Amino acid sequence: MLLHIFLMVVLSSLHCCNEEPILPDNNNNDTIPDSQTATYRNPLYVPLADEIADPSVYRYKNQYYLLSTQMYSRNGEGMTVWSSKDLVNWEVHKKVLISGSVEPILAPELVYHEGSYFLYWSVYPGEVHYAAKYTPDPEDFDPFGPSANYEIFSYNYLNLKNGIDIDGEMFFDQNDLYMFYCGLGGIQYKKVTSLSESGNNNPVQLTACAVNNVNILPGEVGTNGWTEAPGIFYDDGYYYLTYSGVHYLRSDYQIHSARGQSIEDIAPYKQNPLIAKFDGLYNGMGNNNFTIGPDLTTKYLTYHAKVGAGIHDPTIQIDRRLMIDTYVVSSENGIVTKAPTLSDEPVPQNIGWENTLDSVPQNMTLTGNNEATIRLTSGSVILSTEGANSVDLFTDTVTSNSFVIEGNTRGLSIFNGGNSKYGMTICDGKVKFAIVHGNNSDSMATLEYFTEDSGWTNTGIQNINYYAWHKLRLDKKDHLIKFYYDDRYICQISLSVNDGGKAGYYTEDARADISWIGFSDY
């Protein structure tokens, strides 16, 4: 795939006016769609983009960042990043610098962990992964803020001696970490030591996870079994994997899905392809990833579509466009989506309630010991329980029985010699989800949850940086609650109660810095 994408970059300036389809000008900033429209239609407009290939979307607080395959400007301008509030209306956010010897950036992916961002992308020649790191200012953790500068720390992250290493996708499975990537004959994965070091574990090939049986005629591009662009997540007892093949310039480029109750057992579970369209102006769907809509409840696929009927003619301009569609997951049917849609679809819904915390006194109420304090800072609030034992900072608006809430927080100080906690609470304080610092002297903490019936329970997640920013998410449907930490699924429990109520932040014997918070009812 990497050679193919490199050819795309080289050929992208070639035009054949007689064959190029008539499309909205993706370089014309005058055609930005109305942000108030109630519907959208694929493919999406992205300003000042020659094309959007291999899209990757990262959600930060209440906005989205879009990354894609692109040439890296060697004159210091940096990597182009787009932003959006609703996944539909995009604008150029900025160009982000990457320090080091940078090749064309192909299929980039961004991962956050314990205070730092890690950026991975494929390169040509070499067919390996570059890896770069950025640690934001402690006052915030925006991956593409004013001071963002990523420094390369590896020019061959997976350190594979043989084989092709492109389209990497990082996946946290409790305390273990894996990178999934492409392979001839099926998706491969490698258990890695950390986001900074891959270690010496051998790669594993998922031979069943391959795109085959494509009718490739003599002289046409493509090789059966060529499979790329893995995307993986965990939901309701299953590991779900999607992947694309066999050649991104073909109209029959397609997305497949697989799942397993363990990573080793991942295999197709229903008829593939999951997403495909082989004819018409827009076809060749591939390279999807997963994100959550602005309402925190609706699941979205982002992927690209090739423009132009038939198998791509290399004498005309290569053109791919951004697509988004919803999906759902069930234990009976797995991933279900009506993608690709090419008709009017509802614009993603706004969140039910949110607060940037610059007006906390008007939107949230402090409860608990009178010695607890809140202090407004630039864009966040310091919540202190020194001498107050524990305190809740509740939203004035209450949730329904089923909802999702998310917030961002970090530890600042520890009181009373340890066992300090900060996190989130729901159901009028009946459930808490907290980062807990014990009596040791270092900054490492654990992740625990509390219920009135069972008290505090350790989730088993280790080596949490108490002083780094963290995203905490609680997803409650009736009696069932799922816990997420920095976009990682942690565990789920069943409650004896089935109510909602007030929700917000929680601290105990600690001073915490808190930032954006929001929730939506189901």
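Everything quoted here is computed from the prediction, not taken from an experiment.
- Residues I263 and F180 form a side-chain contact, since some pair of their non-hydrogen atoms from C-beta on lies under 4.5 Å apart.
- A salt bridge links D236 to K482: at least one charged side-chain nitrogen sits closer than 4.0 Å to a carboxylate oxygen.
- Using a 4.5 Å cut-off on side-chain heavy atoms (C-beta onward), Y40 and L87 make no contact.
- Put simply, the side chain of N224 gets close to the backbone of V214: a donor and an acceptor are under 3.5 Å apart.
- Checked by atom type, the side-chain pair D140/Y60 shows a donor-acceptor distance below 3.5 Å.
- Contacts of Q205 classified as side-chain hydrogen bond (donor to acceptor under 3.5 Å, both in side chains), with partners at least two apart in sequence or in another chain: Q188.
- Looking only at distances, a side-chain donor or acceptor of K94 sits under 3.5 Å from a matching main-chain atom of G145.
- Qualifying side-chain hydrogen bond (donor to acceptor under 3.5 Å, both in side chains) partners for S244, counting only residues two or more places apart in sequence or in other chains: none.
- A distance-only check finds no donor-acceptor pair linking the side chain of S83 to the backbone of Y65 [under 3.5 Å].
- For the side chain to side chain contact (heavy atoms under 4.5 Å, CB included) test, residues two or more places apart in sequence or in another chain that qualify with Y522 are T297, S402, V404, D475, K477.
- The local environment of CG in N350 is sparse, with at most 12 non-hydrogen atoms from other residues, nucleotides or ligands closer than 6.0 Å.
- Taking the six-membered ring for Trp and the full ring otherwise, F172 and H113 have centroids separated by under 6.0 Å.
- Ring-plane geometry between F433 and F483 is classed as tilted, the angle between the planes lying from 30 to 60 degrees on a 0 to 90 degree scale.
- The salt bridge (Lys or Arg N to Asp or Glu O under 4.0 Å) test applied to E114 returns no partner, not counting sequence neighbours.
- Side-chain atoms of D167 come within 3.5 Å of backbone N or O of A229 as a donor-acceptor pair.
- In this structure, I292 and R473 have side chains that are in contact, with non-hydrogen atoms separated by less than 4.5 Å.
- Separation of the Y327 and F290 ring centroids falls under the 6.0 Å cut-off.
- Across all their heavy atoms, G504 and I405 have their closest contact at N-CD1, 4.2 Å.
- R320 places a side-chain heavy atom less than 4.5 Å from the side chain of D54.
- For T227 (side chain) and G225 (main-chain N/O), a donor-acceptor pair under 3.5 Å exists by modelled atom type.
- Judged purely by distance below 3.5 Å, without hydrogens or angles, the side chains of N283 and K306 pair a donor atom with an acceptor atom.
- You'll find the side chain of S68 reaches within 4.5 Å of the side chain of W82, heavy atoms only.
- P340 approaches D325 most closely through the heavy-atom pair CA-OD2, 3.8 Å.
- With hydrogens and angles ignored, the 3.5 Å screen pairs no side-chain donor or acceptor of K191 with any backbone N or O of D176.
- Below 30°, between 30° and 60°, or above 60°: for Y150 and Y134 the angle between ring planes is between 30° and 60°, a tilted geometry.
- Here the side chains of R488 and L447 are not in contact, with every heavy-atom distance at 4.5 Å or above.
- When all heavy atoms of K85 and P294 are compared, the pair lying nearest together is O-CB, 3.8 Å.
- For the pair F519 and I426, the minimum side-chain heavy-atom distance is 4.5 Å or more.
- E345 is not listed as a side-chain neighbour of N42, based on a closest heavy-atom distance of 4.5 Å or more.
- With sequence neighbours excluded, the residues satisfying side chain to side chain contact (heavy atoms under 4.5 Å, CB included) with D486 are Y112, H470, K471.
- Shortest non-hydrogen contact noted between S198 and L158 is OG-O, 3.4 Å.
- The aromatic rings of Y489 and Y234 sit tilted, their planes meeting at an angle between 30° and 60°.
- The nearest pair of heavy atoms linking C182 to I166 is SG-CG1, 3.0 Å.
- Salt-bridge check for D165 with K190: failed, with every basic side-chain N at 4.0 Å or more from each acidic carboxylate O.
- Shortest non-hydrogen contact noted between P143 and L110 is CB-CD2, 3.7 Å.
- In this view, N355 satisfies the side-chain hydrogen bond (donor to acceptor under 3.5 Å, both in side chains) rule with no residue, not counting sequence neighbours.
- Between H256 and Y243, the angle of the ring planes lies from 30° to 60°, which puts this pair in the tilted group.
- Relative orientation of the Y178 and Y189 rings is perpendicular, given thresholds of 30° and 60° on the angle between their planes.
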